[in-house]
A.B. asks: 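Supplied in structure tokens, the structure appears directly below.
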There are 2 protein chains.
Amino acid sequence: MTESERVPAERKRRRPTSSGVVLSADLIVDAARDLIDSQGAQAFTVRKLGAALGADPSAVYRYFRNTEDLLLALADRLIGESMAGFGPSGDWGADLRELGLRAYRSALRHPQIAAFSTIRVTGRPHEQRVVDTGVGLLLGAGFDEATAVRHYHALVDTALGHAALDAGVLRLAPAQRAADEQAWQDRYGSLPADEYPNLHRVREQLPLMAASAVERALDLLVAAMRREAVDRGAAESGATEREAADRVAGEGAERAG
Amino acid sequence: MTESERVPAERKRRRPTSSGVVLSADLIVDAARDLIDSQGAQAFTVRKLGAALGADPSAVYRYFRNTEDLLLALADRLIGESMAGFGPSGDWGADLRELGLRAYRSALRHPQIAAFSTIRVTGRPHEQRVVDTGVGLLLGAGFDEATAVRHYHALVDTALGHAALDAGVLRLAPAQRAADEQAWQDRYGSLPADEYPNLHRVREQLPLMAASAVERALDLLVAAMRREAVDRGAAESGATEREAADRVAGEGAERAG
DNA sequence: AGCTTGTGTCAACGGTGTTGACGTAACCTG
DNA sequence: CAGGTTACGTCAACACCGTTGACACAAGCT
């Protein structure tokens with residue numbers, strides 16, 4: 001885990017800090033996550049991290065090249081956590097939806113990280129595991145390699161994109177969020193029917209926009225993929241489909257351990 | 001435009017700076033955009049902005065409360081620019097796709113701005129115009145009010161979400177981007193077939209993931225909406241039941257507060 | 001002409017990430 | 001059990017950052 005330390009070799013000389021803590025890459029990642037969770041996103045600082053660890057801030061640089069490197073390691077850990085306990089149900093469409101939702105939720109749980117690091121391909125083990133699973137679901141559904149990759153990409157990026165979007169709302173201070181919402185209602189609440197006829201017509205439905213659209217977007221994506229799979233299945237014979245699905249299911253069970 | 005100045009009143013005493021430039025909110029927004037466009041996102045700094053303007057950095061605070069206020073004003077301008085020249089073609093699906101793509105492109109054109117400003121509802125005229133147009137397209141396609149709002153929301157948020165995602169890549173310096181891509185290929189290029197069977201199988205298609213998935217996602221969304229519209233048209237009487245079910249299902253996904 | 005005051009400038013504060021030098025303690029060798 | 005290497009924690013410093021309060025001055029009004 002957390003492979004990209006500054007010095008990739010295993011550590012032997014584990015000297016405790018002045019406060020007695022024995023540092024490690026994992027411990028630092030833990031502290032970073034706790035800091036972000038408890039203090040809020042903008043409270044994350046190398047100096048505060050050092051204080052939370054009971055160590056000099058610069059000690060972090062013995063383990064990570066820079067803060068971004070550290071945040072990437074944190075992002076990968078979150079990916080792993082979000083997928084804990086996930087196992088294919090047999091319905092590839094529902095599984096893909098679940099996969100996207102899990103990515104969304106975990107990204108959203110840590111707004112700062114979501115807005116900053118879901119944008120990067122971490123390329124780390126947890127991420128690779130998820131990609132393998134997701135692509136496997138689509139291959140099992142009968143899509144060819146290129147289409148499976150493209151559809152997986154569209155689905156996951158959509159989930160993460162919504163997360164990045166919604167994370168921004170969470171990053172706002174509560175007071176400002178309330179003010180924003182009020183301003184929104186003020187502006188959209190009373191619309192001139194002649195100038196904005198469509199907005200006027202749907203004015204009673206506009207509060208629907210306050211909720212995240214991620215589930216709806218995922219539903220639509222999966223629906224489109226399902227339809228496409230059915231069309232493909234009608235054209236060819238669906239014999240291969242069941243075999244591949246079995247392969248995916250077996251792999252998911254193995255991952256849990 | 002640019003409404004949220006520190007002092008909303010119109011300015012009268014326009015004293016030139018030491019370098020002879022006469023400041024204004026618009027001029028500052030212009031300079032900020034030029035700076036971001038030319039120097040890159042992370043080059044944006046109040047101090048550098050001051051230098052680019054030929055003024056003391058603190059002069060900016062006579063026009064905007066803080067940097068975020070300034071960037072919001074900039075975001076507002078971009079919304080207007082992105083929709084310039086848009087006109088419905090008659091194919092509502094294609095128009096919706098175009099609407100989403102325009103939102104995506106304009107957000108992406110200024111990565112730094114996209115990363116944080118797509119999260120805010122500006123509630124200003126430009127935005128209202130876009131919402132009215134998009135909802136109108138869906139109403140014209142035969143969707144009821146609630147569905148039109150929800151589908152518009154899903155489409156636009158997906159486009160903006162992808163923009164926020166892809167903007168992160170653009171925010172990286174070119175050298176780092178290349179290094180990232182190389183690292184990505186190294187990690188995903190040679191994966192053990194036994195551990196990652198699906199990734200191994202699609203390994204030749206993985207470069208497809210380097211490109212943005214926004215068009216593919218929009219295509220899938222529009223395809224799903226088209227299919228739904230056809231179904232609704234075919235069985236007009238059964239619409240009410242499905243609608244009620246939708247409303248119940250949609251209530252679970254509120255943004256966390 | 002004189003007064004008010006808006007506005008540009010200056011200096012400063014308290015932060016930030018990051019680095020290079022340094023000492024010391026932990027491990028390896030003998 | 002002694003000595004040497006050196007990894008790693010610490011310290012001080014650098015170059016930035018956003019933001020603010022005091023100040024000077026010129027624009028505009030009376």
Side-chain angles (χ1 to χ4, degrees), chain A residues 4-28 31-32 35-36 39-74 112 116-117 173, chain B residues 4-28 31-32 35-36 39-74 112 116 171-173 176:
Chain A
S4 68
E5 296 93 324
R6 186 172 200 172
V7 179
E10 68 287 350
R11 297 174 174 258
K12 300 205 165 183
R13 307 197 177 179
R14 327 198 64 223
R15 165 145 64 140
T17 74
S18 61
S19 71
V21 187
V22 176
L23 293 180
S24 71
D26 276 342
L27 188 66
I28 294 174
L35 193 59
I36 291 176
Q39 305 281 355
Q42 75 282 11
F44 174 73
T45 283
V46 178
R47 292 173 133 94
K48 282 179 188 160
L49 179 59
L53 281 166
D56 189 273
S58 62
V60 170
Y61 295 97
R62 298 274 177 216
Y63 295 83
F64 300 94
R65 267 182 290 279
N66 45 44
T67 40
E68 187 184 331
D69 192 31
L70 165 59
L71 287 175
L72 276 181
L74 177 48
Q112 158 87 344
F116 190 76
S117 75
Chain B
S4 65
E5 295 94 324
R6 186 172 200 173
V7 179
E10 67 285 354
R11 294 168 178 264
K12 299 203 164 182
R13 306 195 178 181
R14 326 197 65 221
R15 167 146 63 140
T17 75
S18 63
S19 71
V21 186
V22 175
L23 293 180
S24 72
D26 277 341
L27 188 66
I28 294 174
L35 191 59
I36 291 176
Q39 305 280 355
Q42 75 281 9
F44 175 74
T45 283
V46 178
R47 292 174 132 94
K48 282 179 188 160
L49 178 60
L53 281 165
D56 189 272
S58 64
V60 170
Y61 296 97
R62 297 274 178 217
Y63 295 84
F64 302 94
R65 265 183 289 280
N66 46 42
T67 39
E68 186 184 331
D69 193 29
L70 164 59
L71 287 175
L72 272 181
L74 177 47
Q112 160 86 346
F116 95 104
R171 254 187 310 175
L172 299 177
Q176 193 178 3

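Chain A is the first sequence line, chain B the second, and so forth, proteins listed ahead of strands; every chain is numbered from 1.
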A.B. asks: Given atom CG of A/Leu49 and atom C1' of C/dG17, what is their separation to the nearest angstrom?
C.D. replies: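 Interatomic distance, CG of A/Leu49 to C1' of C/dG17: 12 Å.
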A.B. asks: At under 4.0 Å, does any side-chain N or O of A/Thr67 touch on OP1 or OP2 of C/dG17?
C.D. replies: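 Checking A/Thr67 against C/dG17: no side-chain N or O falls below 4.0 Å of OP1 or OP2.
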A.B. asks: Give the rounded distance in Å between these two atoms: CG of B/Leu53 and C1' of C/dT7.
C.D. replies: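 My rounded result for the distance is 14 Å.
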A.B. asks: Write down the protein N/O and nucleotide N/O pairs, taken from nucleotides 9-13 of chain C, whose separation is under 3.5 Å; answer none if there are no such pairs.
C.D. replies:
from   : atom 1 : to      : atom 2 : distance (Å)
C/dT9  : OP1    : B/Ser18 : N      : 2.7
C/dT9  : OP1    : B/Ser18 : OG     : 2.9
C/dT9  : OP2    : B/Asp56 : N      : 2.8
C/dC10 : N4     : B/Ser58 : OG     : 2.9

A.B. asks: Atom CG of B/Asp69 and atom P of D/dT19: how far apart are they, to the nearest Å?
C.D. replies: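 It works out to 10 Å between those atoms.
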A.B. asks: Taking all non-hydrogen atoms of both residues, which atom of A/Tyr63 and which atom of A/Ser24 are closest, and how far apart?
C.D. replies: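 Closest approach of A/Tyr63 to A/Ser24, heavy atoms only: CE2-CA, 3.8 Å.
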A.B. asks: Can you name the closest pair of heavy atoms from B/Leu27 and B/Val22 and give their distance?
C.D. replies: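 For B/Leu27 versus B/Val22, the nearest heavy atoms are CD2-O, 3.4 Å.
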A.B. asks: Figure out the OH/C1' separation between A/Tyr61 and C/dG17, and round it to whole Å.
C.D. replies: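 A/Tyr61 atom OH is separated from C/dG17 atom C1' by 5 Å.
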A.B. asks: Please report the distance, rounded to the nearest Å, between CG in B/Leu70 and P in D/dG18.
C.D. replies: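 One finds 11 Å between P of D/dG18 and CG of B/Leu70, rounded.
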A.B. asks: A/Asn66 CG to D/dA15 C1': how many Å, rounded?
C.D. replies: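 About 17 Å, once rounded to whole Å.
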A.B. asks: Below 4.5 Å, heavy atoms only, C-beta onward: do A/Leu74 and A/Phe64 meet side chain to side chain?
C.D. replies: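 The answer is no, as the side chains (C-beta and beyond) never meet within the 4.5 Å cut-off.
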A.B. asks: Side-chain atoms of residues 47-58 of chain A: list all donor-acceptor pairs with protein atoms under 3.5 Å, sequence neighbours left out, distances to 0.1 Å.
C.D. replies:
from    : atom 1 : to      : atom 2 : distance (Å)
A/Asp56 : OD1    : A/Ser58 : N      : 2.9
A/Asp56 : OD1    : A/Ser58 : OG     : 2.5

A.B. asks: Taking all non-hydrogen atoms of both residues into account, name the closest pair between B/Leu23 and B/Arg14 and its distance.
C.D. replies: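 Minimum heavy-atom contact is O-NH2, 3.0 Å.
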A.B. asks: How long is the line joining CZ of A/Phe64 and P of D/dG9, in whole Å?
C.D. replies: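 Computing the A/Phe64:CZ to D/dG9:P distance gives 12 Å.
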A.B. asks: Do the side chains of B/Val46 and B/Tyr61 get nearer than 4.5 Å, heavy atoms only?
C.D. replies: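 Heavy-atom side-chain distance check passes, below 4.5 Å.
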A.B. asks: For B/Arg15 and for B/Lys48, locate the closest nucleotide of DNA chain D by heavy-atom distance; then report the residue assigned to the nucleotide nearer the 5' terminus.
C.D. replies: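 Of the two residues, B/Lys48 wins.
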